[in-house]
Amino acid sequence: MSGFPPDEPSAEVRVSPNFGPRRDKLDMIVLHYTGMQTGAGAEAWLCDPASEVSSHYIVHEDGRIIQMVRESDRAWHAGKSSWFGRTDINSCSVGIEIVNPGHLLGYRNFPKRQIDAVIGLCKGIIQRHSIPAQRVLAHSDVAPGRKIDPGEKFPWKALFEAGVGHLVEAAPVRRGAVLRAGDADAEVEALQSMLALYGYGVEISGAFDRQTEIVVEAFQRHFRQRKVDGVADGSTIRTLERLLASVRAVPSK
């Protein structure tokens, strides 16, 4: 393929050869950070046949949007992942890489012009494909433990206030009872059930195992960013309850 008209009018096109046909309905957006030293290097890597990775879009720090794979095609961005039991996240999502060096190379705040561009891009994708607010997700949501991007500095609140994604006000962090690794009781089972009800891949066993700790950390990284420690304190549990209640409060169409 030598080129294609961009799905997003403001995007430039640089074709990646790393794509295939979708096998599922597109109903999700997955946000990533690039985790590389430079945006140019990340863009080149996503378009390199040897990398065997790609994304539909990359958003540079200056706000430039590059489309590399058509939205109708399956890009290779999510890897091993799941949401509500679906494991081929690449087939049901649009992947957006956001230029940022990430945790290992000097993780930093995302510039406003970059976030403004991400918001505009997401709005266009949501409109084109009728994507529900609660399906604008982090890579760390669909691949907890394996991935931690776009991370706790990503301004989900700015997206939500602009009409993109699903969020509630996080409950205050206070001292009190917590659930943590090693606990095993009905409260742990209730926590796991709530996480699974929202979409996270966690076994409902009643035992606060390592996977539960990892999923709690992923939840915090998106929805309770002030403290990311994998411990289910009162703030984490109340925030999760608020989130689920806000989903149920939305009338079905």
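Given the structure is predicted, the values throughout are model-derived calculations rather than measurements.
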Checklist entry - Can you check side chain to side chain contact (heavy atoms under 4.5 Å, CB included) on V30 and I96, steps first, answer last? => result CA-CA 6 Å; V30 178; I96 301 175; over 6 Å; no
Next on the checklist: Is it true that E97 and H77 share a donor-acceptor pair across their side chains at a distance under 3.5 Å?
Outcome noted: no
Checklist entry - Do you reckon L26 sits in the same ILVMFWY cluster as F84, going by side-chain contacts under 4.5 Å, direct or chained? => result yes
Checklist entry - With sequence neighbours excluded, what pairs up with A42 under the side-chain contact (heavy atoms from CB on, under 4.5 Å) test? => result T34, M36, I58
Checklist outcome for this item: The reported gap from SG in C92 to NE2 in H129 (rounded to nearest 0.5 angstrom) is 12.5 Å
Checklist entry - Tell me the salt bridge (Lys or Arg N to Asp or Glu O under 4.0 Å) pairs involving residues 5-21, sequence neighbours left out? => result E8-R128, R14-E43
Checklist entry - Closest approach of F4 and V13, non-hydrogen atoms and distance? => result O-CG2, 3.4 Å
Checklist entry - Among side-chain atoms of S235 and R224, is any donor-acceptor pair under 3.5 angstrom? => result yes
Checklist entry - Can you tell me if K123 uses its side chain to pair, donor with acceptor, with the backbone of A162 under 3.5 Å? => result yes
Checklist entry - What heavy-atom pair brings A207 and T212 nearest, and what distance separates the two atoms? => result O-OG1, 3.8 Å
Next on the checklist: Could you walk me through whether E189 and S205 satisfy the side chain to side chain donor-acceptor pair (under 3.5 Å) test, starting with their C-alpha distance in whole Å, then the side-chain angles of each, then the deciding distance to 0.1 Å, before giving a yes or no?
Outcome noted: CA-CA 6 Å; E189 184 175 345; S205 65; over 6 Å; no
Item to check | Heavy-atom closest pair, residues V215 and P144 | outcome: CG2-CG, 4.0 Å
Checklist entry - Thinking salt bridges, do R113 and D116 make one under a 4.0 Å N-O criterion? => result no
Checklist entry - Does CZ belonging to R64 count more than 12 external heavy atoms closer than 6.0 Å? => result yes
Checklist entry - Going only through I, L, V, M, F, W and Y residues with side-chain contacts under 4.5 Å, is there a path from M28 to W76? => result no
Checklist entry - Which heavy atom in L191 sits nearest to a heavy atom in A232, and how many Å separate them? => result CD2-CB, 3.6 Å
Item to check | Ionic contact status for E217 with K227, cut-off 4.0 Å | outcome: no
Item to check | Ionic contact status for D88 with R22, cut-off 4.0 Å | outcome: no
Next on the checklist: Assess whether a salt bridge exists between R238 and E241, defined as any Lys/Arg side-chain N lying under 4.0 Å from an Asp/Glu carboxylate O.
Outcome noted: no
Checklist entry - So do F110 and V99 actually touch side chain to side chain, heavy atoms under 4.5 Å? => result no
Considering only distance and modelled atom types, tabulate donor-acceptor pairs under 3.5 Å from the side chains of residues 131-142, sequence neighbours left out.
from : atom 1 : to   : atom 2 : distance (Å)
H139 : ND1    : H32  : ND1    : 3.0
H139 : ND1    : D149 : OD1    : 3.2
H139 : ND1    : D149 : OD2    : 3.3
H139 : NE2    : A78  : O      : 3.1
S140 : OG     : D149 : O      : 3.4
D141 : OD1    : Y200 : OH     : 2.6
D141 : OD2    : A138 : N      : 2.9
D141 : OD2    : H222 : ND1    : 2.6

Next on the checklist: Could you measure the distance from the NZ atom of K25 to the CZ atom of R86? Nearest 0.5 Å is fine.
Outcome noted: 8.5 Å
Checklist entry - Taking it one step at a time, do L167 and K157 satisfy side chain to side chain contact (heavy atoms under 4.5 Å, CB included)? => result CA-CA 7 Å; L167 203 68; K157 184 178 180 181; 4.0 Å; yes
Item to check | Side-chain donor-acceptor contact under 3.5 Å, D229 with Q220 | outcome: yes
Item to check | Nearest atoms (heavy-atom pairs only) where L46 meets N18 | outcome: O-ND2, 3.7 Å
Checklist entry - Would you say M194 and I214 are hydrophobically clustered, going by side-chain heavy atoms of ILVMFWY under 4.5 Å? => result no
Checklist entry - V168, L159: one ILVMFWY side-chain cluster at the under-4.5 Å cut-off? => result yes
Checklist entry - Is there a side-chain contact between I115 and F154 (heavy atoms, below 4.5 Å)? => result yes
Next on the checklist: Checking W156 against L31 for the side chain to side chain contact (heavy atoms under 4.5 Å, CB included) test, could you report, in this order, the C-alpha distance in whole Å, the side-chain angles of both residues, the deciding distance, and whether it holds?
Outcome noted: CA-CA 11 Å; W156 292 103; L31 302 183; 3.7 Å; yes
Next on the checklist: Does any part of the side chain of L240, heavy atoms only, come nearer than 4.5 Å to the side chain of F223, both counted from C-beta?
Outcome noted: no
Item to check | Spatial distance of atom CZ (R242) from atom CD1 (I237) [nearest 0.5 Å] | outcome: 13.0 Å
Item to check | Connected via hydrophobic side-chain network under 4.5 Å: V247 and I29 | outcome: yes
Checklist entry - Is the backbone N or O of K80 less than 3.5 Å from a side-chain atom of R146, with the two atoms forming a donor-acceptor pair by type? => result yes
Checklist entry - Shortest non-hydrogen contact from G95 to S55? => result O-OG, 2.7 Å
Next on the checklist: As an exercise, state the distance from OG of S193 to CG of L244, rounded to the nearest 0.5 Å.
Outcome noted: 10.5 Å
Next on the checklist: Just so I know, are the side chains of C47 and M68 near enough to count as touching, which here means a heavy-atom distance under 4.5 Å?
Outcome noted: yes
Checklist entry - When you measure from the side chain of N109 to the backbone N and O of K153, does any donor-acceptor pair fall under 3.5 Å? => result no
Item to check | Non-hydrogen side-chain atoms of K147 and Y33 separated by less than 4.5 Å | outcome: no
Checklist entry - Atom NE2 of H56 and atom CZ of R74: how far apart are they, to the nearest 0.5 Å? => result 9.5 Å
Checklist entry - Taking it one step at a time, do I125 and Y57 satisfy side chain to side chain contact (heavy atoms under 4.5 Å, CB included)? => result CA-CA 11 Å; I125 297 167; Y57 295 95; 4.0 Å; yes
Item to check | Any side-chain donor near an acceptor of the partner, D48 and S51, under 3.5 Å | outcome: no
Checklist entry - Can you tell me how far CD1 of I119 sits from CG of L121, rounded to the nearest 0.5 angstrom? => result 11.0 Å
Checklist entry - Is the Y107 ring parallel, tilted or perpendicular to the H103 ring (thresholds 30°, 60°)? => result parallel
Checklist entry - Any sub-3.5 Å donor-acceptor pair from S91's side-chain atoms to R23's backbone N or O? => result yes
